[in-house]
Amino acid sequence: TGHANFITTTNDLLISGDLEVAGSISAEIASASKYFVTNPTASASIEFSGNGSGGANQSRFSLGVGNGTERLDIFNNNSSPIVTIASDGSVGIGLTNPVDRLVVRGAGTTTGVGFKTQDSTGAAKFVILDNGNVGIGTTVPAQKLDVAGDIALTTTSQRILMGGGH
């Protein structure tokens, strides 16, 4: 209401102002077409959300651009962040404000896995728990560094320094 709507001969729709829709909008866009959301004076963003289960919780995907605010955010059903890519290229997994190139927020428990690498069969090879313990060859490191298997030192001194005064 109160906004000028134009439909041109090429079947474009130009809306000057806000558009509110009660219900859903769907668009079938040809492969050669582009979808634009613009704001000539500030940043613009687009958000997709849905109630997969029909409840109040929504999964969300949002993309913002302009004025140094370019970012991609993906949230789960309880609005907890899954992945964020910030305007400087920093990636956050489990948080929305990554301050380094890759920041992974753990499970929120002292024994939860914060980071894990796996081989092609899915077997864990390297883990970092929320408490900071690192495991190589074990998924339950009990110490700051817990290695299951042999360790090879290939330096000329081949030594391990122990204690604070080494």
Side-chain angles (χ1 to χ4, degrees), residues 1-8 10-136 139 141 144-146:
T1 58
H3 298 293
N5 297 329
F6 306 96
I7 299 178
T8 67
T10 59
N11 295 325
D12 290 339
L13 173 64
L14 173 63
I15 299 170
S16 176
D18 296 335
L19 171 67
E20 293 185 26
V21 176
S24 61
I25 297 176
S26 63
E28 193 170 308
I29 300 172
S31 61
S33 298
K34 296 179 181 176
Y35 181 74
F36 293 96
V37 175
T38 60
N39 183 339
T41 61
S43 59
S45 65
I46 186 167
E47 181 174 305
F48 299 90
S49 62
N51 287 336
S53 62
N57 294 332
Q58 295 184 344
S59 296
R60 294 185 297 139
F61 167 92
S62 65
L63 178 65
V65 295
N67 296 335
T69 60
E70 297 81 10
R71 63 185 297 118
L72 167 70
D73 292 298
I74 302 173
F75 297 88
N76 69 7
N77 281 344
N78 64 4
S79 293
S80 295
I82 296 173
V83 175
T84 294
I85 302 174
S87 62
D88 65 357
S90 297
V91 176
I93 299 175
L95 69 158
T96 58
N97 57 343
V99 294
D100 295 305
R101 279 310 203 195
L102 176 62
V103 180
V104 180
R105 178 162 292 161
T109 65
T110 58
T111 57
V113 175
F115 182 81
K116 176 172 35 176
T117 63
Q118 299 176 334
D119 66 14
S120 61
T121 67
K125 297 299 178 183
F126 178 88
V127 298
I128 302 174
L129 299 184
D130 278 353
N131 64 8
N133 289 359
V134 175
I136 300 173
T139 58
K144 289 298 175 195
L145 177 60
D146 196 338

Chemist: Can you give the donor-acceptor pairs under 3.5 Å from side chains of residues 90-102 to other protein atoms, not counting sequence neighbours?
Modeler:
from   : atom 1 : to     : atom 2 : distance (Å)
Ser90  : OG     : Asp88  : OD1    : 2.9
Ser90  : OG     : Asp88  : OD2    : 3.2
Ser90  : OG     : Asp100 : O      : 3.1
Arg101 : NH1    : Asp88  : O      : 2.5

Chemist: Calculate, to the nearest 0.5 Å, the distance between atoms OG1 and CG belonging to Thr84 and Leu72 respectively.
Modeler: 7.5 Å
Chemist: What heavy-atom pair brings Asn131 and Lys144 nearest, and what distance separates the two atoms?
Modeler: O-NZ, 3.1 Å
Chemist: With a 4.5 Å cut-off on side-chain heavy atoms, are Ile136 and Leu145 touching?
Modeler: yes
Chemist: Which atom pair, heavy atoms only, marks the closest approach of Leu129 to Thr139?
Modeler: CD2-O, 4.1 Å
Chemist: With sequence neighbours excluded, what pairs up with Thr117 under the side chain to side chain contact (heavy atoms under 4.5 Å, CB included) test?
Modeler: Phe115, Lys125, Phe126
Chemist: Using the side chain to side chain contact (heavy atoms under 4.5 Å, CB included) criterion, which residues pair with Asp146? Sequence neighbours excluded.
Modeler: Thr138, Pro141, Ala142
